[in-house]
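Down below is the structure, laid out as structure tokens.
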Amino acid sequence: MTTNFSILASAKALPTTQVMNQELTQLMPTSDDWIKQRTGIRSRHIATTETTTSLAVSVAQQLLQQSQLAATAIDLIIVATMSPDYLTPATAPQVQAAIGAEQAIAFDINVACAGFVYGMQLVHQYLQPGQTALLIGSETLSRLVDWHDRSTAVLFGDGAGGMLISATPSLMTGRWLGSHYATFGTDGHYLTAGQQPRVNPWSVATDDADDNRWAFQMNGRRVYDFVTKQVPRSIEQALIQADLKSSDIKAFVLHQANARIVASVGQKLNLTSAQLPLNIAQYGNTAAASEPILFAEMVAQQQVQRGDKLVFTGFGGGLSVGSAVIEY
């Protein structure tokens, strides 16, 4: 494990199909104003020909092109996803094969919307000096949505984002400063998706066998209470470990779950609007892809500079929360 944590490149990939709020009124009783007021979302991208794997591969290819690094130089590939194309093979090995990163070990993690930030911790702990990793969040959540349930369908979108991370000590910037992670499994039933069918000759029939347990099921009030209570705590604990104050942080790259949630967290921590970048209006909630998509846009728009201190925070299914403090 090293304190060197240099982000050499960042990238995003989005499906070509964009769905505006107004289009959802054809599927469910809702309106553009209703969605915007409650979530801050105006549109989302939906995979039609794309897959979780193809989006992740696109991100990986962009990262290699930006960094001019050979795929054979990659030591580790982690894909954070709750919507893989297969249970096996996982997404990361398919990315490894597609880009020719034959020296890399590759695996997926599923911590739902907190997945990317948990992946940051794994990269930090795994990489030895001189090693390099691809960390990607990729989701096609549209496959896990009941498109007639307005309490969940209006929230989610598809996309991928990622980073190429190096632990090379000679690089001038890029350090791991602190972190905090917590899981609240007793509350996990308040947010579920993708329940697997019970299909074998000895299965016992249940009353819920034919319902839509594969789709998102969410107790919105419980999840909102969890997030607004635990996310500020997680950020505070990570800052304590890093021996920093919130005023030392250039930007808090929060999971884009809901604009009202981000605003509530910012208010509890006395953050400025400049410290809380948002892009949920364009993409909705893309789970593990959320933070890397936002970060890639921040880098492309020069909203962050080398040496800036940043906090990445993910939260959601599990229920789980995680915060990582880094120097870019």
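Between Ile136 and Ile78 there is no side-chain heavy-atom pair separated by less than 4.5 Å. Using a 4.5 Å cut-off on side-chain heavy atoms (C-beta onward), Ile99 and Ile77 make contact. Within the 4.5 Å cutoff, the side chain of Thr91 has no heavy atoms near those of the Tyr86 side chain. Put simply, the side chain of Leu239 reaches to within 4.5 Å of the side chain of Val311, judged on heavy atoms. You'll find the side chain of Ile74 reaches within 4.5 Å of the side chain of Leu64, heavy atoms only. The shortest side-chain heavy-atom distance between Ile7 and Ile326 falls under the 4.5 Å cut-off. In this structure the side chain of Tyr118 reaches within 4.5 angstrom of the side chain of Thr183, judged on heavy atoms. The shortest side-chain heavy-atom distance between Phe226 and Tyr190 does not fall under the 4.5 Å cut-off.
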* Steps toward side-chain contact (heavy atoms from CB on, under 4.5 Å) verdict (Val325, Ile249) -> CA-CA 9 Å; Val325 188; Ile249 304 302; 4.3 Å; yes
Could you walk me through whether Tyr328 and Lys250 pass the side-chain contact (heavy atoms from CB on, under 4.5 Å) test, one step at a time?
CA-CA 10 Å; Tyr328 175 50; Lys250 176 65 178 292; over 6 Å; no
*Intermediate values then yes/no, side-chain hydrogen bond (donor to acceptor under 3.5 Å, both in side chains), Thr52 and Thr140*: CA-CA 6 Å; Thr52 296; Thr140 50; 2.7 Å; yes
Check: Run the side-chain hydrogen bond (donor to acceptor under 3.5 Å, both in side chains) check on Ser151 and Asp149 step by step: do they pass?
Finding: CA-CA 6 Å; Ser151 67; Asp149 174 15; 2.7 Å; yes
### Task
Take Gln196 and Leu87 through the side-chain contact (heavy atoms from CB on, under 4.5 Å) test and state the conclusion after the steps.
CA-CA 11 Å; Gln196 300 298 296; Leu87 294 181; 3.9 Å; yes
### Task
Show your working on side-chain hydrogen bond (donor to acceptor under 3.5 Å, both in side chains) between Asp75 and Thr132 and close with a plain yes or no.
CA-CA 6 Å; Asp75 300 286; Thr132 305; 4.6 Å; no
Exercise for review: Would you please test Phe295 and Phe116 for side-chain contact (heavy atoms from CB on, under 4.5 Å) and show each step?
Suggested key: CA-CA 12 Å; Phe295 180 71; Phe116 190 83; over 6 Å; no
- Task: Determine, step by step, whether Lys229 and Asp225 satisfy the salt bridge (charged side-chain N to carboxylate O under 4.0 Å, His left out) criterion, reporting the C-alpha distance in whole Å, the side-chain angles of both residues, the deciding distance to 0.1 Å, and the verdict.
- Result: CA-CA 6 Å; Lys229 180 179 180 180; Asp225 290 345; over 6 Å; no
inquiry  = Is there a side-chain hydrogen bond (donor to acceptor under 3.5 Å, both in side chains) between Gln217 and Thr192? Walk through the geometry before answering.
reply    = CA-CA 5 Å; Gln217 309 287 322; Thr192 64; 5.9 Å; no
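Counted within 6.0 Å of CD on Gln302, heavy atoms from surrounding residues, nucleotides or ligands total 12 or fewer; the atom is thus considered open. The number of heavy atoms from other shown groups lying within 6.0 Å of CD (Gln65) does not exceed 12. Open room surrounds CD on Gln267; 12 or fewer heavy atoms of other groups in view lie less than 6.0 Å from it. By the 6.0 Å contact criterion, CZ on Arg222 is open, its count of non-hydrogen atoms from other residues, nucleotides or ligands being 12 or less. Atom CG of Asp243 sits in a sparse spot, with 12 or fewer heavy atoms from other residues, nucleotides or ligands closer than 6.0 Å.
Here the closest heavy-atom approach between residue Leu278 and residue Leu294 is recorded as C-CD1, 4.3 Å. Closest heavy-atom contact between Ser10 and Gln66: O-NE2, 2.9 Å. Heavy atoms only, all atoms of each residue included: Gln37 and Arg260 are closest at O-CD, 3.6 Å. Contact between Glu291 and Leu254 at its shortest, heavy atoms only, is CG-C, 4.1 Å. The two residues Phe252 and Pro277 make their nearest non-hydrogen contact at O-CD, 3.5 Å. The shortest heavy-atom contact between Ala80 and Ala288 is O-CB, 3.5 Å.
Residue Leu14 is not grouped with residue Leu144 when hydrophobic side chains (ILVMFWY) are merged at heavy-atom distances under 4.5 angstrom, including chains of intermediate members. Side-chain heavy atoms closer than 4.5 Å link hydrophobic residues (I, L, V, M, F, W, Y) into clusters, and following such links, even through other members, never connects Ile293 to Phe312. Put simply, Leu135 and Phe107 are part of the same group of oily side chains (I, L, V, M, F, W, Y) that touch within less than 4.5 Å, one to the next. Hydrophobic cluster membership is shared by Ile46 and Met28, with clusters built from Ile, Leu, Val, Met, Phe, Trp and Tyr side chains linked at under 4.5 angstrom. If you chain together hydrophobic residues whose side chains sit under 4.5 Å apart, Val59 and Leu134 fall into the same group.
Under 3.5 Å, the side chains of Thr81 and Ser138 contain no donor-acceptor pair of N or O atoms. In this model, no donor atom of one side chain and acceptor atom of the other lie less than 3.5 Å apart for Thr286 and Glu139. In this model, no donor atom of one side chain and acceptor atom of the other lie less than 3.5 Å apart for Ser43 and Gln282. Between the side chains of Asn258 and Thr39, no donor-acceptor pair of N or O atoms lies under 3.5 Å. Side-chain contact, Thr168 with Ser166: a donor N or O sits under 3.5 Å from an acceptor N or O.
Without hydrogens or angle criteria, Ser67 side chain to Leu63 main chain gives a donor-acceptor distance under 3.5 Å. Using a distance-only test at 3.5 Å, with no hydrogens or angles considered, a donor-acceptor pair links the side chain of Gln94 to the main chain of Ala90. Gln241 contributes no side-chain N or O that, together with a main-chain N or O of Ala238, makes up a donor-acceptor pair within less than 3.5 Å. In terms of modelled atom types and a separation under 3.5 Å, the side chain of Asp158 and the main chain of Ser142 share a donor-acceptor contact. Using a distance-only test at 3.5 Å, with no hydrogens or angles considered, a donor-acceptor pair links the side chain of Arg150 to the main chain of Pro29. Formation of a donor-acceptor pair under 3.5 Å by the Glu297 side chain with backbone atoms of Pro292 is not found in this model. Under the 3.5 Å distance criterion, the side-chain polar atoms of Asp85 are left unmatched by any main-chain donor or acceptor of Thr51. Under the 3.5 Å distance criterion, the side-chain polar atoms of Lys268 are matched with a main-chain donor or acceptor of Thr228. Although no hydrogens or angles enter the test, the distance criterion places no donor-acceptor pair under 3.5 Å between the side chain of Asp187 and the main chain of Phe184. Although no hydrogens or angles enter the test, the distance criterion places a donor-acceptor pair under 3.5 Å between the side chain of Gln131 and the main chain of Gln128.
Within the model, atoms CG of Leu271 and OG of Ser247 stand 10.0 Å from one another, a figure rounded to the nearest 0.5 Å. Between atom CG of residue Leu8 and atom CD1 of residue Ile165 there is a gap of 9.0 Å, rounded to the nearest 0.5 Å.
Under the 6.0 Å distance and 45° angle rule, Arg143 does not count as a cation-pi partner of Trp214.
Considering Gln125, Gln121, Glu327 in turn, Gln121 is the only one that fulfils the side-chain contact (heavy atoms from CB on, under 4.5 Å) rule with Trp176. Tested against His255 for a side-chain contact (heavy atoms from CB on, under 4.5 Å), the candidates Ile261, Val117, Val231, Asn285 yield a single pass: Asn285. Checked options Lys12, Gln256, His45, Arg44; the residue passing with Tyr283 is Lys12 (criterion: side chain to side chain donor-acceptor pair (under 3.5 Å)).
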